[in-house]
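Here it is: the structure, laid out below.
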Amino acid sequence: MKSASKFEKIAARCWNLLNEGKPFTPIFVFGTMILFHAAIWESPNAVLDLLLAFIYVIPLLIIYFVFDFPLFLRNYLWIPFMVYLIIWKEIDIGLLLFSLALYFFFTVFFWGTLYYHLRIGTSWLNFTRFWKLVLKNSDSTSGNAQEQLPKFLLILSIWEVIFQTNQAGEATNFVPLMLFYVFILIFTYILHRYLFDWKPKVYETYSKDQGIQPGEAISDKVIVIVVDGMRKERFYEANTPFLDFLKDNGTEYMNMETVYPARTVVCFSSMFTGTYPFEHGMTSNMVWKLGIKVESIFDSLRKVGKKGRLLGIAHLVDSMGDDVETVTAVMHKDKADPNIMERAKKIMKEQDPDLFVVQMIGTDQTGHSQGVLYDEYLQKIHEADVLIEDFVSWLNEEGKMDNTTLFICADHGQADGIGGHGHLDEGERYVPFIVHGPHIEKGKKVEEKQSLVSLAPTLSYLLGAPFPSHSRGKILLDAINKKEEV
């Protein structure tokens with residue numbers, strides 16, 4: 001299987017400018033105005049008026065960039081637009097209809113149909129399903145129509161009014177607009193201060209201060225297979241005989257919680273540093289500054305002369321750098337995971353890492369492109385089960401499972417709509433998490449709530465490496481058989 005090329009890594013970062021909701025809003029607004037007013041580009045004065053008018057909407061763009069409007073909070077975005085209509089009473093119906101058409105063309109046809117057909121081979125008729133997913137989506141991407149529509153309709157309306165005022169040679173009354181922005185800022189702050197209260201609880205102390213420390217290695221190797229975007233209740237509905245076997249003969253964490261925001265780069269960074277976005281610096285899939293700010297489990301392993309590798313898509317390079325072996329994500333959705341697992345065998349055979357993390361992407365791709373409530377999503381989970389069984393059987397044949405601990409988990413779930421994830425909607429928050437191995441309790445179900453940040457310190461404990469510098473997670477001791485450990 002091909003590694004992600006330099007072009008693919010750059011393209012992935014560029015795509016995130018349009019995929020992530022925060023950068024998308026200003027890009028879309030600016031692009032819409034340029035297209036709508038294409039006729040003025042022969043007039044330098046008109047262009048200048050348009051650009052000067054843009055300055056007046058920058059404060060609003062900043063407010064919408066700084067603050068999330070997750071889940072039901074997005075409904076409140078319509079209030080500023082309604083207040084604007086009451087006070088200014090001026091809208092350009094043509095501009096707003098043009099922006100709506102452009103938005104749904106981008107999300108439903110360009111993204112949901114053309115992009116997914118070229119990247120993972122979905123049907124040319126995918127738009128017949130994707131438009132429904134976009135309207136229902138609740139994550140932090142640009143495909144969240146319920147969040148994006150009230151934002152760009154308000155910004156475009158204000159920009160257009162000021163532009164027309166400039167064109168008429170009249171002076172813009174700056175004071176009412178600034179008071180309006182102050183109202184939006186206060187309104188937004190109150191919403192987030194008193195209503196945005198469902199983020200997962202953060203562990204306050206570092207792992208090194210929690211008592212038990214890593215000593216001698218318990219496991220020779222640890223394999224972590226992350227089925228990206230595997231929604232917990234859909235996992236239970238899918239046909240997964242091998243993963244069921246691992247659950248029955250290992251330990252299953254019934255309430256394993258992901259982090260906020262539940263985006264792939266954020267989750268992987270938290271899982272393998274043991275801490276949260278405010279410390280490791282990865283706050284979305286859109287990475288403005290490459291590299292985590294703290295140590296990872298891979299750094300910890302190097303301190304004791306051990307090696308870890310992460311096999312995943314190009315996005316993860318932005319966070320973990322050279323510890324990532326990349327795979328191309330531009331591949332038919334039915335071929336991606338089989339090729340990833342073949343590459344995984346090659347890495348194990350040639351490099352034999354002490355810690356090996358594999359990201360399977362087929363389930364996540366199918367959820368995003370076709371939705372999580374359809375049979376195709378269950379089928380992808382079943383296919384992941386078959387591939388994991390084949391990989392573990394191969395490891396056994398190679399003699400690499402004798403003293404190996406195996407983790408099977410998801411980095412986040414997926415919500416309804418376009419299989420979105422980010423704001424912790426239903427289906428995102430709790431993920432499947434299974435541990436299996438010679439030192440792991442058999443048939444145990446742990447009901448106590450745990451966090452994915454506990455993966456890194458648990459890996460340190462099993463492999464006899466120091467905790468990553470800023471790890472806050474708790475060692476998952478419930479899973480470890482103390483008799484076997486002794």
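As a basis for the values below, the full set of heavy atoms in this structure was taken, side chains included, without hydrogen atoms, waters or symmetry mates.
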Polar side-chain atom of Tyr84 near backbone of Glu90 as donor-acceptor pair, under 3.5 Å
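Checked: pair present.
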Looking only at the side chains, is there a donor atom on one of Ser319 and Ser269 sitting less than 3.5 Å from an acceptor on the other?
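Their side chains do contain a donor-acceptor pair, which is all the 3.5 Å distance test asks for.
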Sidechain N-carboxylate O distance under 4.0 Å for Lys132, Asp416:
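Between Asp416 and Lys132 there is no salt bridge, as every charged N stays at least 4.0 Å from the carboxylate O atoms.
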Answer yes or no: is there a donor N or O on one side and an acceptor on the other, between the side chain of Lys136 and the main chain of Leu133, under 3.5 Å?
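Flag not set: sc Lys136 to bb Leu133 has no pair under 3.5 Å.
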Looking at side-chain heavy atoms only, is the closest gap between Phe130 and Thr122 below 4.5 Å?
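They are not in side-chain contact.
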With Glu147 via salt bridge (charged side-chain N to carboxylate O under 4.0 Å, His left out) - residues at least two apart
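Listed in chain order: Lys151.
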Under-4.0 Å salt bridge between Arg309 and Glu350
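No.
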Run the salt-bridge test on Asp68 and Lys22 with the 4.0 Å N-O cut-off and return the result as yes or no.
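Between Lys22 and Asp68 there is a salt bridge, with a charged N closer than 4.0 Å to a carboxylate O.
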With a distance cut-off below 6.0 Å to the six-membered ring centre and an angular limit of 45° from the axis, does Arg231 pair with Tyr377 as a cation-pi contact?
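No; the conditions do not both hold, so Arg231 does not lie above the ring face of Tyr377.
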Are Tyr76 and Phe69 near enough that their ring centres are under 6.0 Å apart?
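So the answer is no for these two rings.
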Ignoring hydrogens and geometry, is there a side-chain-to-backbone donor-acceptor pair from Asn144 to Thr141 under 3.5 Å?
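Checked: no pair found.
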Take atom CZ in Phe278; do more than 12 heavy atoms of anything else shown fall under 6.0 Å from it?
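Yes, CZ of Phe278 has more than 12 neighbouring heavy atoms, counting only those of other groups under 6.0 Å.
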Arg343/Glu325 ion pair, N-O < 4.0 Å
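Salt bridge between Arg343 and Glu325, a charged N being under 4.0 Å from a carboxylate O: yes.
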Note: Lys345-Asp390 ion pair, threshold 4.0 Å (strictly below)
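A salt bridge links Lys345 with Asp390.
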Is it the case that the ring center of Trp159 lies less than 6.0 angstrom away from the ring center of Phe152?
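Between Trp159 and Phe152, which both carry aromatic rings, the centre distance is not below 6.0 Å.
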Going by heavy atoms in the side chains, are Asp385 and Pro241 under 4.5 Å from each other?
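A side-chain contact exists here, since the closest heavy-atom pair is under 4.5 Å.
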Decide yes or no for Arg263 and His421: does some side-chain heavy atom of the first lie under 4.5 Å from some side-chain heavy atom of the second?
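Heavy-atom side-chain distance check passes, below 4.5 Å.
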With ring centroids as reference points, do Phe196 and Tyr260 lie under 6.0 angstrom apart?
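Yes - the distance between ring centres of Phe196 and Tyr260 falls below the 6.0 Å cut-off.
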Would you tabulate the side-chain donor-acceptor contacts of residues 168-182 under 3.5 Å, counting partners in other chains and residues two or more places apart, or write 'none'?
| residue | atom | partner | partner atom | Å |
| --- | --- | --- | --- | --- |
| Asn173 | OD1 | Val175 | N | 3.3 |
| Tyr181 | OH | Tyr56 | O | 2.7 |

With a 4.5 Å cut-off on side-chain heavy atoms, are Val386 and Phe242 touching?
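SC-SC contact between Phe242 and Val386 ruled out.
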Any donor-acceptor N/O pair, Asp228 side chain to Gln359 backbone, under 3.5 Å:
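No; judged by distance alone, with no hydrogens or angles, the pair does not exist.
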One pair to check against ring pair (Phe, Tyr, Trp, His ring centres under 6.0 Å): His315 and Phe268. What are the steps and the verdict?
CA-CA 10 Å; His315 289 318; Phe268 269 78; over 10 Å; no
Quick one: are Gln146 and Ser138 in side-chain contact, heavy atoms under 4.5 Å?
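Contact flag for Gln146/Ser138 side chains = no.
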Do Leu154 and Tyr64 have side chains that approach each other closer than 4.5 Å (heavy atoms only, starting at C-beta)?
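They are in contact (side-chain heavy atoms under 4.5 Å apart), so the answer is yes.
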Testing the 3.5 Å rule here: is there a donor-acceptor pair between the side chains of Thr25 and Gln148?
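A pair is found: one side chain offers a donor N or O, the other an acceptor, under 3.5 Å apart.
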Look only at the side chain of Arg234 and the backbone of Tyr374, and say whether a donor-acceptor pair between them is shorter than 3.5 Å.
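Yes, Arg234 side chain to Tyr374 backbone: donor-acceptor pair under 3.5 Å.
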Over 60° means perpendicular and under 30° means parallel, so tell me whether Trp198 and Phe72 are parallel, tilted or perpendicular.
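Tilted: the ring planes of Trp198 and Phe72 meet at 30° to 60°.
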For the pair Phe433 and Tyr253, name the ring-plane relationship: parallel under 30°, tilted 30 to 60°, perpendicular over 60°.
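It falls in the perpendicular class, over 60°.
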Between Phe163 and Phe36, is the ring centre distance below 6.0 Å?
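Here the rings of Phe36 and Phe163 have centres that are no less than 6.0 Å from each other.
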Closer than 3.5 angstrom, by distance alone: can the side chain of Thr275 be matched with the main-chain N or O of Arg472 as a donor-acceptor pair?
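Checking the backbone N and O of Arg472 against the side chain of Thr275, no donor-acceptor pair under 3.5 Å is found.
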Carboxylate-amine/guanidinium proximity below 4.0 Å for Glu279 and Lys293
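Salt bridge absent between Glu279 and Lys293.
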